[in-house]
Amino acid sequence: MANGQTQQTDVVVVGAGPVGLFTVFECGMVRLNCHVVDILDDVGGQCTALYPEKPIYDIPGFPRVDAAELIVRLKAQAAPFRPVYHLGQQVEKLEPLTGGYWRVTTSRGTIIQARAVIVAAGVGAFGPNRPPLDGIEAFEGKSVFYYVTQRELFRGRRVVIAGGGDTAVDWALSLNEIASHVSVVHRRDRFRAAPDSEARLKALAKAGKVDLVVPYQLHGLEGSDGQLTAVTVATLDGETRRLEADVLLPFFGLSMSLGPIAEWGLALEHNQLAVEPSTAATSQRGIFAVGDVVTYPGKLKLILTGFAEAAIAARSAYALIHPETPLHFEYSTTSGVPDA
Ligand SMILES: Cc1cc2nc3c(=O)[nH]c(=O)nc-3n(C[C@H](O)[C@H](O)[C@H](O)COP(=O)(O)OP(=O)(O)OC[C@H]3O[C@@H](n4cnc5c(N)ncnc54)[C@H](O)[C@@H]3O)c2cc1C
């Protein structure tokens, strides 16, 4: 659809993470159409961007489901309601219009007018904390990766992992099974990981299967055309070591920021949107919020909690949009999936 033209819908969902996708389904069940906007180029939020191959064990009805598979199923569940996705763009502005409408404007100039907005923006805009290494941009996406989206990419490779948290330790344990060599660079010899995982890593190091490079920090990269050949590391005293490597995985956590959402005049608590849990309403009429972005007493940052919030928000949006026709409560076993 052409940018610059105003598009109309019942609800704009800000964020296409698992909770945003389920919000589309719940809105569809009460016959509300949705447009969905996400900064990322693909749907799935944290599940897709951060841990697609990790199994999740606490989704009701799925004893175990990989995060990527959960997203495929949520997208399929929303599909009958024909949501319009606007990916690769950030919702920047949210402005009230007369008649109880909201105008949503994205970073690509897409303008959508809606009666309600449901913010499912998770942790906001997130990205990796990058180590300050000269020229690292040239290697990113080719031999420097901040997330493991496909473990198999590292089979037979010489992998250097940097960091001391659970992500670094868990991937060292996992990639050790398929990589030709794994080094773990950390500035201290104590890790901030689950004690059991740290003990397993140290046992592998003792057995000579993993190279623990401590206390060192990343110092420089060698290679050309985006392909690493070595990583240099240094102690605080300036002593350096050269580690031959095909791949560097720096795991220094995520930087998260609410971004423009913080400017929309909605009540915030600890950098999250304060909502009334019985309605998912924010402090602005017509703006609801669900999932990791919200807070209220007892909030659990879990996907399943977000799903329940999505059902509540959809019904609140319905009541706002159709005050003259109170929603007749129906189970899905009775209603089926209504036509979009
Ligand atoms: C490693 C890891 C393991 C986890 N394991 C589990 C688990 O086992 N069980 C569990 O329940 N939870 C788990 N979680 C947490 C779970 O992933 C989150 O609770 C869930 O992703 C929240 O979903 P969400 O849709 O609210 O937000 P997100 O998944 O964060 O999605 C929000 C989306 O909004 C987009 N966005 C933000 N701001 C804007 C904007 N202004 N404009 C457009 N788009 C915007 C973002 O790009 C993002 O795609 C795990 C998290 C991690 C990192």
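Computed from a predicted model, the values in this text were never measured in an experiment. We count ligands from 1, going down the list as the structure has it; atoms in each ligand are counted the same way.
- Residue Val123 has at least one heavy-atom neighbour below 4.0 Å for each of these atoms of ligand 1: 30 (O).
- Using a 4.5 Å heavy-atom threshold, the side chains of Pro250 and Val144 count as touching.
- The shortest N/O to N/O separation between Val293 and ligand 1 does not fall below 3.5 Å.
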Next on the checklist: Checking Asp292 against Gln46 for the side chain to side chain donor-acceptor pair (under 3.5 Å) test, could you report, in this order, the C-alpha distance in whole Å, the side-chain angles of both residues, the deciding distance, and whether it holds?
Outcome noted: CA-CA 10 Å; Asp292 274 15; Gln46 295 175 52; 3.2 Å; yes
Next on the checklist: Let's go through Lys142 and Glu140 carefully: what are the C-alpha distance in whole Å and the side-chain angles of both, what is the deciding distance for salt bridge (charged side-chain N to carboxylate O under 4.0 Å, His left out) to 0.1 Å, and is it a yes or a no?
Outcome noted: CA-CA 5 Å; Lys142 294 179 182 154; Glu140 286 173 349; over 6 Å; no
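- Between Gln89 and ligand 1, not a single N/O pair is under 3.5 Å apart.
- Contact atoms of ligand 1 toward Gly124: 37 (C), 38 (N), 46 (C) (distance under 4.0 Å to a heavy atom of the residue).
- What sits closest to atom 8 (O) of ligand 1 on the protein, heavy atoms only, is Ile56 CG2, 3.5 Å.
- In the candidate list Gly15, Ser257, Ala120, Ala289, Ala120 is nearest to atom 32 (C) of ligand 1, counting heavy atoms.
- Protein heavy atom at the shortest distance from atom 23 (O) of ligand 1 is Pro18 CG, 3.5 Å.
- With a 4.0 Å heavy-atom cut-off, ligand 1 is reached by the backbone of Val91 and by its side chain too.
- Between Phe22 and Phe307, the angle of the ring planes lies from 30° to 60°, which puts this pair in the tilted group.
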Item to check | Test side chain to side chain donor-acceptor pair (under 3.5 Å) applied to Gln284 and Thr282, step by step | outcome: CA-CA 5 Å; Gln284 290 271 8; Thr282 67; over 6 Å; no
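- Closest to atom 37 (C) of ligand 1, if we only count protein heavy atoms, is Ala121 O, 3.3 Å.
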Next on the checklist: Run Glu198 and Arg192 through salt bridge (charged side-chain N to carboxylate O under 4.0 Å, His left out) and show every step you take.
Outcome noted: CA-CA 8 Å; Glu198 178 174 358; Arg192 284 172 289 100; over 6 Å; no
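- Looking only at side-chain heavy atoms (C-beta outward), Trp264 and Leu273 stay at 4.5 Å or farther from each other.
- Ranked by closest heavy atom to atom 7 (C) of ligand 1, the top entry among Val119, Asp58, Thr106, Val13 is Asp58.
- Residues Phe154 and Phe145 bring their aromatic ring centres within 6.0 Å.
- Under the 4.5 Å side-chain criterion, counting only non-hydrogen atoms from C-beta, Trp102 is not in contact with Arg115.
- Each of the atoms 40 (C), 41 (N), 42 (N), 43 (C) of ligand 1 lies under 4.0 Å from some heavy atom of Gln90.
- Checking Tyr57, Phe22, Tyr51 against atom 5 (N) of ligand 1, the nearest heavy atom belongs to Tyr51.
- The existence of a salt bridge linking Arg158 and Glu244 is confirmed by a sub-4.0 Å separation between a basic side-chain nitrogen and an acidic carboxylate oxygen.
- Annotation: cation-pi geometry satisfied between Lys75 and Tyr85 (NZ/CZ under 6.0 angstrom from ring centroid, within 45° of ring axis).
- The protein heavy atom nearest to atom 39 (C) of ligand 1 is Ile39 CD1, 3.6 Å.
- At under 3.5 Å, a nitrogen or oxygen of Gln46, whether backbone or side chain, sits near a nitrogen or oxygen of ligand 1.
- For the 3.5 Å distance criterion, the side chains of Gln90 and Ser107 fail to qualify, holding no donor opposite an acceptor.
- Every atom of ligand 1 with a heavy atom of Leu50 under 4.0 Å away is listed here by number and element: 53 (C).
- Counting protein heavy atoms only, atom 25 (O) of ligand 1 is closest to Val19 N, 3.1 Å.
- Atoms of ligand 1 lying under 4.0 Å from any heavy atom of Gly45, numbered from 1 in the order shown and given with element: 29 (O), 31 (O), 48 (C), 49 (O).
- Shown in contact with Gly291 at under 4.0 Å from a heavy atom are these atoms of ligand 1, numbered in order with element: 26 (O).
- The single protein non-hydrogen atom nearest to atom 47 (O) of ligand 1 is Asp38 OD1, 2.7 Å, given as residue, atom name and distance.
- Nearest-residue assignment for atom 18 (C) of ligand 1 (options Leu70, Val14, Asp292; heavy-atom criterion): Asp292.
- Closest to atom 27 (O) of ligand 1 among all protein heavy atoms lies Gly122 CA, 3.2 Å.
- Between Ile303 and ligand 1, a contact under 3.5 Å exists for at least one N or O pair.
- Remark: aromatic rings of Phe191 and His186 are close, center separation under 6.0 Å.
- For ligand 1, the atoms closer than 4.0 angstrom to any heavy atom of Leu40 are 47 (O), 49 (O).
- Taking the ring axis of Tyr318 as reference, the NZ or CZ atom of Arg31 does not stay both within 45° of it and closer than 6.0 Å to the ring centre.
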